[in-house]
Amino acid sequence: MARARLSAAEARRIAFAAQGFGAPPPVVGTRQLSGAFARLGLLQLDTVNVFERSHYLPMLARLGAYDRALLDRLVTHDRRPRVLGRTTELWAHEAAIVPVDDVPLLRFRADRFRAKHAAWFDAHATLVAELHAIIRDRGPSTVGELEHPANVRGTGGWWDRGDAYHAVHAMFRAGELVVLGRRRFERVYDVAERALPASLQHVVPEEEATVELVRRAAVALGVGTVDDLRDYHRLAYLADARRAIESLVDAGELLPVTVDGWGAPAYLHTAQRIPRSMDATALLSPFDPIAWHRPRALRMFDFHYRISIYTPPEEREHGYYVLPVVVGDEIVGRMDLKSDRRAGVLRVQHAHVEPAFADRAGELAARIAPRVHEAAAWQGLDAVAVTGPGTWAADVRTALTASPSG
């Protein structure tokens, strides 16, 4: 039965349960992956591949080791798509994989992007029209396959990609192009009028869409503040999010609650149960919904988090690709992981236990060690090695040695 007041521990358990944490299934197949994707509603994308690309990691955290080829088929990756499948990419939280049926729901955001950048589109109208015609005539294409004088990479490195690249990206953000999937992690684009079936070419009005997106955020988070519910789909306007929440409260879908220690009003989705316990163990992607909104992670777990990939090396405190570590219903530490594929080793380059859990460092290391071995095997690596420093490094090294590796 829903209550008007929750303890901080109850809120944490609600959040993990809503996100699909708990006992993983004995077998992970397409049905389990589809169910987890439906629960999350989106998978945030990121290009960094030092351990594994981000969109693969939420499923590992919730379900355990699985065949990544199954997820590739679900989200149309690593293949040459010719037609739109069950998913596409849109600006949802950030760039994310979403169900293709959500295109009309998020189309208002594309229209807003086009209006905001109207001057740019006017100034580049010829380039946009030419690129649109090339893709229309050529068929589904990556940017690199487009033959156009503006499609040249500059000399400034990775980010200096040339006018054609930036124009195609703008056309994607504005809804003129649709992503059919990825091949070697490059987007495959098609023109929207051909790729989208007629049933997906309408626009859900922004007010209606905002209510639905807030409702979905409440389901996915279980309990959250206005800021949390707004952030899940990065809604631009606080006033719009507040109105949507009020509508859902009036409809009986959200219940205003007080969470001990949060210092801000919160809202509980009325279908969400309050688990009596939560016994999760997981390595989280830096872009996992549990931790992607840094103010929520700080409020809920007292976990101040920076991924550090954009931090100068000399300023990094916990390493480069830093994964939060979950044990029970808490984030207890963090690990910087690297898949050394040439050597066949998963390297723990830094391991840090949060100060509040320092007196349990050995016990917690023993709890997470099997998941580290699992991650290594899932990556096709033969060994795990703690090769860097940190307040947790010695305990993790001992636990990994004592824990079976498969």
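The first residue of the sequence shown is numbered 1, and numbering continues consecutively from there.
Taking each heavy atom of Pro58 and Ser285 in turn, the nearest pair found is CD-CB, 4.5 Å. Across Pro140 and Pro81, no two heavy atoms sit closer than the pair CB-O, 3.8 Å. Taking all atoms of both residues into account, the shortest heavy-atom contact from Leu323 to Pro286 is CG-CD, 4.4 Å. Across every non-hydrogen atom of Leu298 and His304, the tightest pair is CD1-N, 4.0 Å. Minimum interatomic distance between Ile135 and Tyr189 (heavy atoms only, all atoms of both residues): CG2-O, 3.9 Å. Nearest heavy-atom pair across Glu10 and Ser7 is OE1-N, 2.9 Å.
Atoms CE and CD1, on Met300 and Ile14 in that order, are 8.5 Å from each other to the nearest 0.5 Å. We find the CG-CG distance between Leu146 and Leu131 to be 6.5 Å, quoted to the nearest 0.5 Å. Atoms CG and NE2, on Asp137 and His132 in that order, are 10.0 Å from each other to the nearest 0.5 Å. If you take CD on Glu330 and CD on Glu354, they are separated by 10.0 Å, rounding to the nearest 0.5 Å. One finds the CE atom of Met335 at 6.5 Å from the CG atom of Leu283 (value rounded to the nearest 0.5 Å). Rounding to the nearest 0.5 Å places CZ of Phe287 at 5.5 Å from OG of Ser54.
The side-chain heavy atoms of Asp102 and Pro99, taken from C-beta on, include a pair separated by under 4.5 Å. The shortest distance between side-chain heavy atoms of Arg109 and Leu106 falls below 4.5 Å. In this structure, Leu238 and Val226 have side chains that are in contact, with non-hydrogen atoms separated by less than 4.5 Å.
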Go through Val326 and Val332 one step at a time and tell me if the side-chain contact (heavy atoms from CB on, under 4.5 Å) criterion holds. CA-CA 6 Å; Val326 171; Val332 302; over 6 Å; no
Between Ile331 and Val325, is the side-chain contact (heavy atoms from CB on, under 4.5 Å) condition met? List the steps. CA-CA 6 Å; Ile331 297 178; Val325 177; 5.8 Å; no
Audit row: Glu374, Arg371, salt bridge (Lys or Arg N to Asp or Glu O under 4.0 Å) steps and yes/no: CA-CA 5 Å; Glu374 176 186 53; Arg371 298 306 297 270; 2.7 Å; yes
Under the side-chain contact (heavy atoms from CB on, under 4.5 Å) criterion, do Leu43 and Met59 qualify, and how do the steps go? CA-CA 10 Å; Leu43 291 172; Met59 303 306 185; 4.1 Å; yes
Start with the C-alpha distance between Gln349 and Leu337, add both sets of side-chain angles, then the distance that settles side-chain contact (heavy atoms from CB on, under 4.5 Å), and finish with yes or no. CA-CA 6 Å; Gln349 302 187 120; Leu337 298 184; over 6 Å; no
Given salt bridge (Lys or Arg N to Asp or Glu O under 4.0 Å), test Arg5 with Asp260 step by step and report yes or no. CA-CA 8 Å; Arg5 190 175 195 95; Asp260 294 343; 2.9 Å; yes
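For the pair Arg216 and Tyr232, the NZ or CZ position fails the cation-pi test of under 6.0 Å to the six-membered ring centre and within 45 degrees of the ring normal.
The backbone N or O of His352 lies less than 3.5 Å from no partner atom in the side chain of His318, so there is not a single donor-acceptor pair. Not a single donor-acceptor pair under 3.5 Å links the side chain of Tyr305 to the backbone N or O of Pro295. Side-chain N or O atoms of Arg194 include one that pairs as donor or acceptor with a backbone N or O of Arg136 at under 3.5 Å. Judged purely by atom type and a 3.5 angstrom limit, Arg215 has no side-chain atom pairing as donor or acceptor with the backbone of Leu248. Formation of a donor-acceptor pair under 3.5 Å by the Asp288 side chain with backbone atoms of Ala291 is not found in this model. At distances below 3.5 Å, not a single donor-acceptor pair connects side-chain atoms of Tyr267 with backbone N or O atoms of Leu229.
With sequence neighbours left out, Gln379 forms a side chain to side chain contact (heavy atoms under 4.5 Å, CB included) with Phe51, Glu52, Arg68, Ser339, Arg341, Leu381. In terms of the side-chain hydrogen bond (donor to acceptor under 3.5 Å, both in side chains) criterion, residue partners of Gln19 (sequence neighbours excluded) are, by chain and number, Arg62. Residues satisfying the side chain to side chain contact (heavy atoms under 4.5 Å, CB included) criterion with Val203, sequence neighbours excluded, are Arg107, Asp111. Legend: residues meeting salt bridge (Lys or Arg N to Asp or Glu O under 4.0 Å) with Arg243, ordered by chain and number and at least two apart, are Asp240. The side chain to side chain contact (heavy atoms under 4.5 Å, CB included) test applied to Pro197 returns Ser199, Leu200, not counting sequence neighbours. Qualifying side chain to side chain contact (heavy atoms under 4.5 Å, CB included) partners for Arg138, counting only residues two or more places apart in sequence or in other chains: Arg80, Ser141, Glu145. Remark: Asp329 pairs with Arg12 by the salt bridge (Lys or Arg N to Asp or Glu O under 4.0 Å) rule, at least two apart or across chains. Looking at residues two or more places apart in sequence or on another chain, you find no salt bridge (Lys or Arg N to Asp or Glu O under 4.0 Å) involving Arg294. Taking Asp72 as the reference, nothing meets the salt bridge (Lys or Arg N to Asp or Glu O under 4.0 Å) condition, with sequence neighbours excluded.
A salt bridge links Arg360 with Glu363: at least one charged nitrogen is closer than 4.0 Å to a carboxylate oxygen. Salt-bridge formation is not detected for the pair Glu317/Arg306: no Lys NZ or Arg NE/NH1/NH2 atom is positioned less than 4.0 Å from an Asp or Glu carboxylate oxygen. A salt bridge links Arg367 with Asp279: the closest approach of a Lys/Arg side-chain nitrogen to an acidic carboxylate oxygen falls below 4.0 angstrom.
Applying the 6.0 Å contact sphere to CG of Asp302 captures no more than 12 heavy atoms from other residues, nucleotides or ligands. For Glu207, the CD atom counts as loosely surrounded, since its 6.0 Å shell holds 12 or fewer non-hydrogen atoms of other residues, nucleotides or ligands.
Within the structure, side-chain hydrogen bond (donor to acceptor under 3.5 Å, both in side chains) contacts touching residues 81-92 (residues at least two apart or in different chains) are Glu89-Arg182, Glu89-Arg187.
Note on ring orientation: taking the six-membered ring where Trp is involved, the planes of Phe185 and His77 are perpendicular (angle over 60°, cut-offs 30° and 60°). In this pair, Phe172 and His169 present their aromatic rings tilted. The plane angle is within the 30 to 60° band.
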Side-chain atoms of residues 116-125: list all donor-acceptor pairs with protein atoms under 3.5 Å, sequence neighbours left out, distances to 0.1 Å.
residue: Trp120; atom: NE1; partner: His124; partner atom: ND1; Å: 3.3
residue: His124; atom: ND1; partner: Trp120; partner atom: O; Å: 2.9

Which pairs of donor and acceptor atoms, one on a side chain in residues 27-38, lie under 3.5 Å apart (sequence neighbours left out)?
residue: Gln32; atom: OE1; partner: Gly29; partner atom: N; Å: 2.8
residue: Ser34; atom: OG; partner: Thr30; partner atom: O; Å: 2.9

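In summary, the side chains of Thr225 and Asp228 do present a donor paired with an acceptor at a separation below 3.5 Å, with no hydrogens or angles considered. Counting only N and O atoms by type, the side chains of Arg234 and His93 include a donor and acceptor under 3.5 Å apart. Looking only at atom types and distance, the side chain of His55 has no donor-acceptor partner in the side chain of Gln44 under 3.5 Å away.
Taking the six-membered ring where the residue is Trp, the centroids of Phe16 and Phe301 are separated by under 6.0 Å.
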